[in-house]
Amino acid sequence: MNSRQLLVILSLWTFSLGLQAQQQPFRFAQLTDLHLTPHNPMPKEDLLKSVAQLNATDQIDFVLVTGDLTESGDQESMEEVKSCLELLKVPYYVVLGNHETKWSESGCTAFHKVFGDERFVFEHKGIQFIGFNSGPLMRMAYGHVVPQDIHWMTEIMKQAGKQQPFIMVTHYPILKNDVDNWYEVTDAVRPFNVRMFIGGHYHTDKEFRYDGIPGILTRSTLRDKDGKSGYGIFEVTSDSILVYTQRIGETMRKRASFSLTRSYYDHQGHADSYPDFSINHQYPQVKENWIIQTGTGIYCSPAVSSDKVFVGDDNGVLTAYTLSKGKKIWTFTCGKRIVGTPATANGIVVAGSADGSIYALKADDGSLCWKLETTQPVLGAATIENGAVYIGGSDHTFRKIDLISGKVIWTYDQVKGYIETKPLIAGNKVIFGAWDNILYALHKDSGKEEWKWTHGLPGIHYSPAAVWPVATEDKVFIADPKRALTAIDLATGNTIWRTFQSKVRESVGISLDGKRLYAKTMNDSIVCYDTQTSTPRQIWTSNVGFGYEHAPSMQIEQQGIMIGSTKEGLIFGLDAKSGKVLWKHKIGNSLINTVVPLGKKHILFTATSGEVGMISVK
């Protein structure tokens, strides 16, 4: 027996000794994937049936509610959910699902207003429960647990000690292809006494192992194929955790059991697998000039001036770094998270915040030039042109603001949904989409509505709202979540052509000469279309090999190279005219936001996993 094997045996024996104490018995329930919406009464009916049956059930100590409370992430629906949950006779604890994090006009701030914190921790009869967010925030991608949440939970576990039993509560299963940094989560909690993870998302009962740690997913409260709604019941005994499915009006059915006295995984071990970075060895011409791990999630692209890089983050902090080495120069803290990409010009950097304000700071030192308060979060990216800022918010308003004074030049308040995109200036128009199925074109000088484009899209989740539109002299191009690439007449807003041929989604780019349109498909490839034709004509397609892809990050051409990025940390460069793959480089395993090329050789990037950096290509 070698020393490693002895260490493992001693570790398991120590944990086993710590688990011999009698556990006080109790029961709790799990509700998940409620999907309430103002336009469909059935999800609420299903939830109320579950609440009523729980209230009639003896010995339920509390209820865990594990995400996707709503269909659209809106505050009205969340308040409706809360009104239903308040009918419970026992306490309940709630985490967010992807329907609260991806589609959220509040930038997820409404969840805090309605339910309190985005994470929770409590102890009940000897077991500690830790709940945290596992969904992508505002950007379609895999689930992700942000660095600050991993730090938070491990600090709690350290304070409690390695013998303390924990149950972790999430929405997503902590699996590869569900959560992009699954290995960081399991490695972080592995040294501790984690009995199981509890989650939802799949809408059905499932049992997994997350790198050895038991994982339980529970059915949705929505009615099943038999018309029955339901939920999960967990019974903690002196030595076990028993898991049951409970359908309305039926006897609960046992489906799994877990020991409280044995260890299911090696507490000194590691994840079963990790991301593969071998692609970097195939392209040694790509170098990492500098990379900073900020420790905070980042959902916007960097903005750059001549010698500085500006980045907003999930904690609402706007930071300036030196362009050459990534050295931090200054920080400015807003009230809440920054989601939209900042913009900079004339020595000023502008960014919106989920605290409902638009900030203009001096680029040199971060001091406040002006602050414009709105009534709702500002999630839109900023565009600056000729001394004017163009930006949209969740108050259904789009604004043009004087860059120097902060005075509002005009407002357009007829937007039906919230805005997260980066506005496009094309000729005398400013163009942007919103989460209301509409692409808007306004006169940039007056704010007058020029046209609105919609194409019978079947619900707000199909809106052209995350894509950054691009244009030639006479056409606007978008890709929407219905997997269509569309050319729209710039003057009239009429559809010129629309194709589903390439299965693109929310990501486009245009060549510097305006003759080629680029789009990222949902499987492996970048496609290129002719922008000059009245019908869709594909020029080339290039298999980059990035696999399944549904994250919005735009393609940027710089000096004959088309540069793009993916939800799994890959940045790549293609020959703009032929599509030939020139290089690839993997930064991490999380979404790389739209990159910022600097000349032909340098590329700035940010990642949802908290990295800011610059790579260069020889």
*Expected output: side-chain T186 to main-chain W182 donor-acceptor under 3.5 Å*: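 Indeed, once roles are kept as given, a pair shorter than 3.5 Å links the two residues.
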*Under the side chain to side chain donor-acceptor pair (under 3.5 Å) rule, collect the residues that match up with D575, sequence neighbours excluded.*
S578
*Just by distance, do the side chain of N315 and the backbone of V317 share a donor-acceptor pair under 3.5 Å?*
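It does not hold such a pair.
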*Between P342 and L318, which heavy-atom pair has the shortest distance, and what is it?*
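Minimum heavy-atom contact is CG-CD1, 3.9 Å.
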*Would S609 and N181 count as a side-chain contact (heavy atoms from CB on, under 4.5 Å) if you check the C-alpha gap in whole Å, the side-chain angles of each, and the deciding distance to 0.1 Å?*
CA-CA 8 Å; S609 47; N181 62 336; over 6 Å; no
*Determine whether L96 and F115 make a side-chain contact, defined as any pair of heavy atoms from C-beta on separated by less than 4.5 Å.*
no
*To the nearest 0.5 Å, how far apart are OG1 in T606 and CG in N593?*
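One gets 3.5 Å once the value is rounded to the nearest 0.5 Å.
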*asked:* What's the separation between atom CD in Q559 and atom NZ in K601, rounded to the nearest 0.5 Å?
replied: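 So the gap between those two atoms works out to 10.0 Å.
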_Closest non-hydrogen atom pair, L379 against A354_ = CD2-CB, 4.2 Å
*asked:* I want to know whether H585 and W583 have ring centres closer than 6.0 Å.
replied: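 When the ring centroids of H585 and W583 are compared, they turn out to be at least 6.0 Å apart.
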*Report yes if some heavy atom in the side chain of C108 is under 4.5 Å from a heavy atom in the side chain of R337; otherwise report no.*
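Answer yes - side chains close enough.
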*If you round to the nearest 0.5 Å, how far is OH of Y418 from CD of E105?*
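E105 CD to Y418 OH: 7.5 Å, rounded to 0.5 Å.
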*Report yes if some heavy atom in the side chain of W468 is under 4.5 Å from a heavy atom in the side chain of T383; otherwise report no.*
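No, side chains not in contact.
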*asked:* Donor-acceptor pair, distance only, cut-off 3.5 Å: does the side chain of S134 make one with the backbone of H144?
replied: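 A pair under 3.5 Å: no.
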*Compute whether any side-chain donor of one residue and acceptor of the other, for D187 and Y274, lie under 3.5 angstrom apart.*
yes
*asked:* Working to the nearest 0.5 angstrom, can you tell me the gap between S565 OG and K584 NZ?
replied: 14.0 Å
*Do the charged groups of D149 and R119 touch, with an N to O distance under 4.0 Å?*
yes
*State, to 0.1 Å, how close E557 and Y518 come at their nearest heavy-atom pair, and which atoms those are.*
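Taking every non-hydrogen atom into account, OE1-OH, 2.5 Å.
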*asked:* Less than 4.5 Å apart, side chain to side chain, heavy atoms only: is that true for I526 and T541?
replied: no
*Between E611 and I298, what is the shortest heavy-atom contact and its length?*
O-CD1, 4.0 Å
*Under 3.5 Å, is there a donor-acceptor pair between the side chain of T472 and the main chain of K475?*
yes
*Please determine, by modelled atom types, if T70 and E100 share a side-chain donor-acceptor pair under 3.5 angstrom.*
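The criterion, which ignores hydrogens and geometry beyond distance, is satisfied for E100 and T70.
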*asked:* I'd like to know whether R139 forms a side-chain contact (heavy atoms from CB on, under 4.5 Å) with V339, so could you lay out the CA-CA distance, the side-chain angles of the two residues, the decisive distance to 0.1 Å, and finally the verdict.
replied: CA-CA 9 Å; R139 310 289 183 243; V339 173; 3.6 Å; yes
*Is it the case that more than 12 heavy atoms not belonging to K102 sit under 6.0 Å from its NZ atom?*
yes
*Any pair with a residue in residues 360-401 that passes ring pair (Phe, Tyr, Trp, His ring centres under 6.0 Å), sequence neighbours left out, goes on the list, sorted by first then second residue, please.*
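Ring pair (Phe, Tyr, Trp, His ring centres under 6.0 Å) check on residues 360-401 returns F398-F432.
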*asked:* Closer than 3.5 angstrom, by distance alone: can the side chain of D524 be matched with the main-chain N or O of G547 as a donor-acceptor pair?
replied: yes
*Are any non-hydrogen side-chain atoms of F310 and T319 less than 4.5 angstrom apart?*
no
_Any donor-acceptor N or O pair under 3.5 Å, side chains D365, S367_ = yes
*Could you tell me whether K452 sits above the aromatic face of Y440, with NZ or CZ closer than 6.0 angstrom to the six-membered ring centre and within 45 degrees of the axis?*
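Checked: cation-pi criterion not met.
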_Qualifying residues under side chain to side chain donor-acceptor pair (under 3.5 Å), relative to K586, sequence neighbours excluded_ =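 Only N589 meet the side chain to side chain donor-acceptor pair (under 3.5 Å) criterion with K586.
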*Hey, does the side chain of Q555 reach the backbone of S553 with a donor-acceptor pair shorter than 3.5 angstrom?*
yes
*Checking T109 side chain against S106 main chain: does a donor-acceptor pair fall under 3.5 Å?*
yes
_If you take the centroid of each ring, where Trp contributes its six-membered ring, are H550 and Y548 closer together than 6.0 Å?_
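Yes, ring centres under 6.0 Å apart.
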*How about Q148 and D314: does a side-chain donor come under 3.5 Å of a side-chain acceptor?*
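Present: a donor and an acceptor within the cut-off.
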*For H461, what residues pass the side chain to side chain contact (heavy atoms under 4.5 Å, CB included) criterion, not counting sequence neighbours?*
E71, S72, H99, W103
*Does the side chain of S590 come under 3.5 Å of the side chain of D180 through a donor N or O and an acceptor N or O?*
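Looking only at side-chain atoms, D180 and S590 do form a donor-acceptor pair, the distance falling under 3.5 Å.
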*Any chance the side chains of H171 and N98 put a donor and an acceptor closer than 3.5 Å?*
yes
_Expected output: side-chain K400 to main-chain K444 donor-acceptor under 3.5 Å_ = yes
*Just how far is it from atom CD1 of I563 to atom CD1 of I592, taken to the nearest 0.5 Å?*
13.0 Å
*For E568, which residues count as a side chain to side chain donor-acceptor pair (under 3.5 Å) partner, sequence neighbours excluded?*
none
*Kindly indicate whether the side chain of N133, heavy atoms from C-beta on, has any atom under 4.5 Å from the side chain of V95.*
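In short, these two side chains do not touch, never coming nearer than 4.5 Å.
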_Give me the atom names and distance for the closest heavy-atom approach of P136 to Y172._
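Smallest heavy-atom distance, with atoms named: CD-OH, 3.6 Å.
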_side-chain contact (heavy atoms from CB on, under 4.5 Å) evaluation trace for Y359 with S353_ = CA-CA 8 Å; Y359 295 87; S353 167; 3.9 Å; yes
*Count the heavy atoms belonging to other residues, nucleotides or ligands that lie under 6.0 Å from OH of Y283, then report whether that count exceeds 12.*
yes
*If only atom types and distance count, is the side chain of S502 paired as donor or acceptor with the main-chain N or O of V504 below 3.5 Å?*
no
*Determine, stepwise, if the pair D480 / R498 fulfils salt bridge (charged side-chain N to carboxylate O under 4.0 Å, His left out).*
CA-CA 11 Å; D480 60 58; R498 181 170 169 84; 2.8 Å; yes
*Value rounded to 0.5 Å, distance of CD1 in I488 from CH2 in W453*: 5.0 Å
*Quick one: side chain to side chain contact (heavy atoms under 4.5 Å, CB included) partners of Q501, sequence neighbours excluded?*
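Residues passing side chain to side chain contact (heavy atoms under 4.5 Å, CB included) with Q501: T499, Y529, Q538.
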*Output, in order, the C-alpha distance, side-chain angles, deciding distance and verdict of salt bridge (charged side-chain N to carboxylate O under 4.0 Å, His left out) for R505 and E549.*
CA-CA 9 Å; R505 181 179 177 131; E549 176 67 21; over 6 Å; no
*Okay, side chain of K520, backbone of A551: is any donor-acceptor separation there less than 3.5 Å?*
yes
*asked:* Before you tell me yes or no, could you show the steps for Q376 and T397 under side-chain contact (heavy atoms from CB on, under 4.5 Å), namely the whole-Å CA-CA distance, both residues' side-chain angles and the distance that decides it to 0.1 Å?
replied: CA-CA 10 Å; Q376 295 294 329; T397 301; over 6 Å; no
_Nearest heavy-atom neighbours spanning S463 and D436_ = OG-N, 3.3 Å
